Engineer: 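Following this message is one structure expressed as structure tokens.
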Number of protein chains: 2
Amino acid sequence: MTITSYTWYMPASHTAPERFPVTVDVVALTVRNSQLNVLLITRLIEPFKGKLALPGGFVLAGEDLLEAAGRELAEEAGVEHLPGHLEQLGSYGPKGRDPRGDVLTVAHLLLAPDFPVLSAGSDAEQAAWYPVREVLDGTYQLAFDHSRILADALERAKSKLEYSPLGAAFCGEEFTIAQLRAVYEAVWGTRLDPRNFHRKATGTPGFLEDTGRMTAGDAGRPAALFRLAPEARPTPGHPARAVLNPPLMRPRD
Amino acid sequence: MTITSYTWYMPASHTAPERFPVTVDVVALTVRNSQLNVLLITRLIEPFKGKLALPGGFVLAGEDLLEAAGRELAEEAGVEHLPGHLEQLGSYGPKGRDPRGDVLTVAHLLLAPDFPVLSAGSDAEQAAWYPVREVLDGTYQLAFDHSRILADALERAKSKLEYSPLGAAFCGEEFTIAQLRAVYEAVWGTRLDPRNFHRKATGTPGFLEDTGRMTAGDAGRPAALFRLAPEARPTPGHPARAVLNPPLMRPRD
DNA sequence: GAAGTTATCGTCATGTTGACAATAAAGGTT
DNA sequence: AACCTTTATTGTCAACATGACGATAACTTC
């Protein structure tokens with residue numbers, strides 16, 4: 001259905017409302033060997049040709065935002081089923097983001113276990129994981145306002161870990177306390193005392209559930225395998241409801 | 001500037017990107033005689049004629065989102081200068097929100113001291129404060145998906161009070177601890193112990209600053225007047241930076 | 001002046017944190 | 001097999017924060 005007349009919410013000028021191209025961008029974060037990484041694509045065309053950018057693309061007619069974000073991510077990363085937790089981060093623009101005109105973008109945040117990115121053909125935009133640290137310190141330049149979006153995403157991710165059980169979104173189905181701690185350390189950029197973290201993680205009601213199984217083959221004493229407790233698991237409609245209370249304290253910056 | 005061709009971010013179909021009407025809506029909250037209130041307008045036309053809705057309107061060309069939200073709010077509430085703290089809440093749509101077609105809306109949240117709403121002429125949409133409680137319990141019906149947006153806004157407001165100094169955004173420049181406590185009680189919908197709240201509010205470094213002045217004329221012992229500490233005041237670019245740590249604990253639901 | 005009201009300061013038991021000792025259970029080394 | 005290294009897990013303890021309330025202080029109202 002196309003809207004041909006607007007008689008409501010009429011701007012003072014009494015003209016038809018402006019229409020904007022709307023894109024979704026995704027800040028996909030994961031932890032690879034104890035480092036926080038972000039998924040970026042290399043732009044093959046102007047503007048910002050050769051620069052790195054967040055994966056994303058236009059919202060299509062009849063699509064919702066999360067839907068569009070999931071679709072774009074799946075397309076550009078070359079995966080079928082989206083792993084991890086996807087949520088909306090915030091909207092940017094439409095003014096002054098793109099040299100070619102006003103574009104509104106709705107940024108999203110994906111917290112996911114490490115997954116392999118498909119190496120597409122050479123004519124497609126190449127997606128790959130990049131250490132967040134190296135993106136922030138200027139080793140790489142991001143296109144558009146994607147640096148700011150990344151910064152906002154990081155701040156969101158950091159605080160998510162404090163109050164929600166979403167740290168586990170970076171892990172697989174089952175994980176050890178040490179693996180979960182590595183997530184917190186990578187996202188927060190700090191070191192945490194293993195003993196205190198263990199106490200807090202296992203002692204918080206409604207957070208973790210012991211599987212009864214253990215790791216084997218690694219160095220050191222085998223570790224117990226945990227999974228998210230049912231109350232902490234995301235359910236359709238109520239993503240990640242349960243809250244860590246009191247929060248897992250992040251050391252003061 | 002009008003965009004006539006898109007050669008980047010090209011959807012698979014290789015057609016020009018869809019364009020959407022984009023609106024901003026504002027959930028304006030305030031505390032009036034110990035009750036949380038929300039600013040709503042009465043719709044004068046279809047759809048949802050006669051129903052209540054959040055103030056809002058179309059984003060204009062060359063406008064940014066916060067700008068548009070501030071403008072719409074000022075227009076519909078009939079105020080010149082926006083009081084309080086305005087921030088983006090999140091985006092909704094574009095699918096299935098409006099019976100007439102896809103519209104993307106970016107919801108915003110305003111936390112403000114009680115301010116008088118201009119009673120515009122009878123041909124304009126009438127804006128007024130409504131107790132949030134009565135909106136939630138079904139006494140009033142909201143248009144579009146505005147009930148959901150209001151619910152999300154409330155959740156955001158509640159958690160904002162825990163970790164940020166934004167409770168003070170509901171108060172004027174100077175306020176007493178009891179006034180601040182009334183804000184927390186109204187937003188959280190709980191009663192707080194005055195003595196413990198006083199201890200926490202005045203004992204949190206970087207939150208409040210004693211003005212040295214006192215109230216007079218009210219019932220009971222005069223109260224000291226406080227203002228936000230400089231570290232907790234919003235500055236252009238860094239809105240409400242300082243964080244309450246540890247947070248002001250909200251009683252478990 | 002007495003009573004009522006609100007603000008503010010204290011007290012105390014309980015719970016949480018941060019620092020760190022000690023033990024457990026594996027693999028690797030000699 | 002005895003030892004060493006590594007990592008996991010269980011405790012201990014002081015410092016601090018919270019929640020529940022007692023006790024005053026300083027006004028207004030009657």
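Residue numbers start from 1 in every chain, and the chains themselves are labelled A, B, ... in the order their sequence lines are given, proteins ahead of strands. Note that the coordinates shown come from a computational prediction; the quantities given were computed from them, not determined experimentally. Quick note: numbers below take in every heavy atom, side chains included, and nothing from hydrogens, waters or symmetry partners.
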Engineer: Whole angstrom is fine here: how far is it from CG in B:Asp193 over to C1' in C:dT6?
Structural biologist: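 Interatomic distance, CG of B:Asp193 to C1' of C:dT6: 13 Å.
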Engineer: Would you mind reading off the distance between B:Asn196 atom CG and C:dA7 atom C1', rounded to a whole angstrom?
Structural biologist: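 Atom-to-atom, B:Asn196 to C:dA7, this comes out as 14 Å.
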Engineer: How about B:Tyr130 and B:Tyr140: are their ring centres within less than 6.0 Å of each other?
Structural biologist: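 Yes, close enough.
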Engineer: I'd like to check the side chain to side chain contact (heavy atoms under 4.5 Å, CB included) partners of A:Arg213; sequence neighbours left out, ordered by chain and number.
Structural biologist: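 A:Arg213 satisfies side chain to side chain contact (heavy atoms under 4.5 Å, CB included) with A:Glu174, A:Thr211, A:Leu225 only.
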Engineer: Under the side chain to side chain donor-acceptor pair (under 3.5 Å) test, which residues partner A:Arg133, sequence neighbours left out?
Structural biologist: none
Engineer: Taking side chain to side chain donor-acceptor pair (under 3.5 Å) as the definition, give me every residue that meets it alongside B:Arg148, ordered by chain and number, with sequence neighbours left out.
Structural biologist: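 Per chain and number, B:Arg148 pairs via side chain to side chain donor-acceptor pair (under 3.5 Å) with no residue.
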Engineer: Within the structure shown, what part of the strands sits under 4.0 Å from B:Ala216 by heavy-atom distance: base, sugar-phosphate, or nothing?
Structural biologist: nothing
Engineer: How would you list, by chain and number, every residue that makes a side chain to side chain donor-acceptor pair (under 3.5 Å) with A:Asn196, sequence neighbours excluded?
Structural biologist: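 Result, side chain to side chain donor-acceptor pair (under 3.5 Å) vs A:Asn196: A:Arg199.
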Engineer: Nearest whole Å is fine: how far is C:dT16 P from A:Met249 CE?
Structural biologist: 12 Å
Engineer: For C:dT17, does either OP1 or OP2 sit under 4.0 Å from a side-chain N or O belonging to A:Lys200?
Structural biologist: yes
Engineer: Would you list the atom pairs, donor with acceptor, under 3.5 Å between side chains in residues 214-221 of chain B and any protein atom, with sequence neighbours excluded?
Structural biologist:
{"residue": "B:Thr215", "atom": "OG1", "partner": "B:Ala223", "partner atom": "N", "Å": "2.8"}
{"residue": "B:Thr215", "atom": "OG1", "partner": "B:Ala223", "partner atom": "O", "Å": "3.4"}

Engineer: Whole-Å distance between C:dA7 C1' and B:Leu225 CG?
Structural biologist: 12 Å
Engineer: I'd like to check the side chain to side chain contact (heavy atoms under 4.5 Å, CB included) partners of A:Asn37; sequence neighbours left out, ordered by chain and number.
Structural biologist: A:Thr30, A:Arg32, A:Gln35, A:Trp129, A:Pro131
Engineer: Mind checking side chain to side chain donor-acceptor pair (under 3.5 Å) for A:Lys160 and listing every partner two or more places apart, or none if nothing turns up?
Structural biologist: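 Partners of A:Lys160 under the side chain to side chain donor-acceptor pair (under 3.5 Å) test: A:Glu87.
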Engineer: Can you give me the first and the last nucleotide of DNA chain D (5' to 3') that has an atom within less than 4.0 angstrom of a non-hydrogen atom in chain B?
Structural biologist: D:dA17 to D:dT28
Engineer: Can you sort out which residues in residues 170-182 of chain A have a heavy atom within less than 4.0 Å of DNA chain C? Ascending by number, please.
Structural biologist: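 Correct list: empty, so none.
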Engineer: Whole angstroms only, please: what is the CZ-C1' distance between B:Arg199 and C:dT11?
Structural biologist: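 Roughly 10 Å, once rounded to whole Å.
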Engineer: Suppose we screen for salt bridge (charged side-chain N to carboxylate O under 4.0 Å, His left out). Which residues come up paired with B:Asp64, at least two apart in sequence or across chains?
Structural biologist: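 Checked B:Asp64 against salt bridge (charged side-chain N to carboxylate O under 4.0 Å, His left out); zero matches.
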Engineer: Rounded to whole Å, please give me the gap between CG in A:Leu192 and C1' in C:dA19.
Structural biologist: 14 Å
Engineer: Is there a donor-acceptor contact under 3.5 Å linking the side chains of B:Tyr92 and B:Asp25?
Structural biologist: no
Engineer: I'd like to check the salt bridge (charged side-chain N to carboxylate O under 4.0 Å, His left out) partners of B:Glu134; sequence neighbours left out, ordered by chain and number.
Structural biologist: none
Engineer: In the 5'-to-3' direction, what one-character label does each nucleotide of nucleotides 21-30 of chain C receive under the scheme B = base within less than 4.0 Å of a protein heavy atom, S = sugar-phosphate only, - = no such atom?
Structural biologist: B--BBS----
